[in-house]
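Note that this is a predicted model, so its numbers are computed, not measured.
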Amino acid sequence: LDLIPTKFLDFERGAPLAPRPEARGPRGFRRVPGRTTRRARDAHRFAEWKSVQMSSAPSPAPPPVPSRIEAPTLLLWLIIHAGWIGLTLASERIPTPLLAALGGWIVAWHGSFQHEAIHGHPTPWRRVNDALASIPLSLWLPYPLYRRSHLAHHATHELTDTGHDPESRYLADDASPVSRLAAVAASTLAGRLLLGPPVEVAAFLAREARALVSPEGARTQRIWLTHLLLAAGVIAWLHLAGGLSMGRYLLCFVYPGAALSLIRSFAEHRAHADPARRVASVEKAPVLGLLFLNNNRHAVVIFRRAAEHR
């Protein structure tokens, strides 16, 4: 896997880092004075974010949404959905191992696109972005719930804290033995790939079942009703156009797609007393960086998004 090396950013507060004028870049090439390396830019962004966190001054206004349509991201959307349609139509002629590899990549890639849509891409219009991301290729995850949870994850000042971060992978002190056993299994890469999808889906559905019957469950019920209608459309396509059974779709698309998506969270956070030191930057990711749309550099992403959603 191309997840190593992983570096946790432990920058201290202080003046933003700046490159030395005659510093040497990768492979000994001379860096042009005044330009910064990616690492220096990351450090600069971190310093700005942390100065905001430590300051009592009013929060900065969120940056504007993209002022134009982002053609590369729209092209990615077309590739994902055209690839999904092509794979489902040709599924009977594709060996199961190959179909699982390709189908899992497409579903995980679709999840990465949904992440971009949550953060205002690829158009300046939220409703358009939400519409593009709403088709539930994974079947089990309603996009509005993912959006709500993920924005809360970016808005919190207590990353990984189970009481504040809805996407925390850690356990509360009163966690059940079953939860602790599942967490131990998911702490290894093999366990996350093999056991992570059913554990993740089961825990998510259990939380949603409680939310549906809660006094404030009306909005959640509407979200699930819309999601079930969209999922029914996906299933109808599989049955009528592709001739792909539900069992094979779950095996070759949903399960490997969830497993690949869980790789990103495997090394993006750690436990630390200082919330600003709980995020990682995976610097070597030539393959998975493409799958996750460069969100392997999670430290930069989380600090930038924190400013956006304050």
Side-chain angles (χ1 to χ4, degrees), residues 16 19 32 34-49 51-52 58-86 105-138 141-155 167 223 226-227 230 233-234 257 261 264 268 279 281-283 285-310:
V32 177
R35 293 188 179 180
T36 59
T37 63
R38 179 185 294 179
R39 186 175 301 178
R41 290 195 302 271
D42 294 353
H44 187 101
R45 289 172 179 171
F46 178 89
E48 289 181 342
W49 175 84
S51 66
V52 170
S59 302
V65 296
S67 59
R68 58 188 177 85
I69 295 175
E70 299 165 346
T73 312
L74 271 182
L75 177 61
L76 174 67
W77 182 88
L78 290 173
I79 292 172
I80 290 171
H81 290 82
W84 182 81
I85 291 172
W105 180 282
I106 286 293
V107 171
W109 223 4
H110 179 258
S112 296
F113 176 85
Q114 288 182 314
H115 177 265
E116 294 303 300
I118 288 171
H119 291 298
H121 307 279
T123 79
W125 309 289
R126 175 184 162 182
R127 289 185 179 181
V128 174
N129 297 335
D130 289 349
L132 292 173
S134 63
I135 303 174
L137 301 187
S138 68
L141 180 61
Y143 170 75
L145 295 181
Y146 174 33
R147 186 179 191 278
R148 182 171 64 187
S149 171
H150 192 67
L151 291 181
H153 164 70
H154 280 287
E167 296 186 1
I223 289 174
T226 302
H227 172 76
L230 292 172
V234 172
S261 297
R264 183 165 69 89
E268 69 181 7
V279 287
S281 180
V282 181
E283 295 187 339
V287 176
L288 294 183
L290 175 63
L291 177 63
F292 301 136
L293 305 182
N294 293 322
N295 279 300
N296 50 290
R297 300 189 68 81
H298 193 62
V300 179
V301 174
I302 201 79
F303 300 145
R304 183 174 67 247
R305 303 306 186 195
E308 292 178 9
H309 297 291
R310 279 175 59 84

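Just one residue in the list Ile135, Ile223, Ile118 forms a side chain to side chain contact (heavy atoms under 4.5 Å, CB included) with Tyr143, and that residue is Ile118.
For the atom pair CD (Gln114) and NE2 (His150), the distance works out to 11.5 Å, reported to the nearest 0.5 Å. Taking CG from Leu132 and NE2 from His110, the interatomic distance works out to 9.0 Å, rounded to the nearest 0.5 Å. To the nearest 0.5 angstrom, Asp130 atom CG is 5.5 Å from Arg147 atom CZ. A distance of 11.0 Å separates CD1 of Ile106 from CH2 of Trp84, quoted to the nearest 0.5 Å. Atoms CD1 and OG, from Ile80 and Ser112 in turn, are 7.5 Å apart once rounded to the nearest 0.5 Å. Atom CD1 of Ile85 sits about 8.0 Å away from atom NE2 of His81, to the nearest 0.5 Å.
Between the Glu116 side chain and the His121 main chain, no donor and acceptor come within less than 3.5 Å of each other. Side chain of Ser261 to backbone of Gly257: a donor-acceptor contact under 3.5 angstrom is found.
In terms of heavy-atom proximity, Ala117 sits nearest to Asn129 at CB-O, 3.7 Å. What you find for Tyr146 and His115 is that their closest heavy atoms are OH-CB, 3.5 Å. Heavy-atom minimum distance, Pro136 versus Val234: O-CG2, 4.0 Å. In plain terms, the two heavy atoms of Trp109 and Leu293 that are nearest each other are NE1-CD2, 3.7 Å.
Under the 30°/60° scheme for interplanar angles, the aromatic rings of Phe113 and Trp77 are found to be tilted.
Scanning for salt bridge (Lys or Arg N to Asp or Glu O under 4.0 Å) contacts around Arg148 gives an empty result, with sequence neighbours left out.
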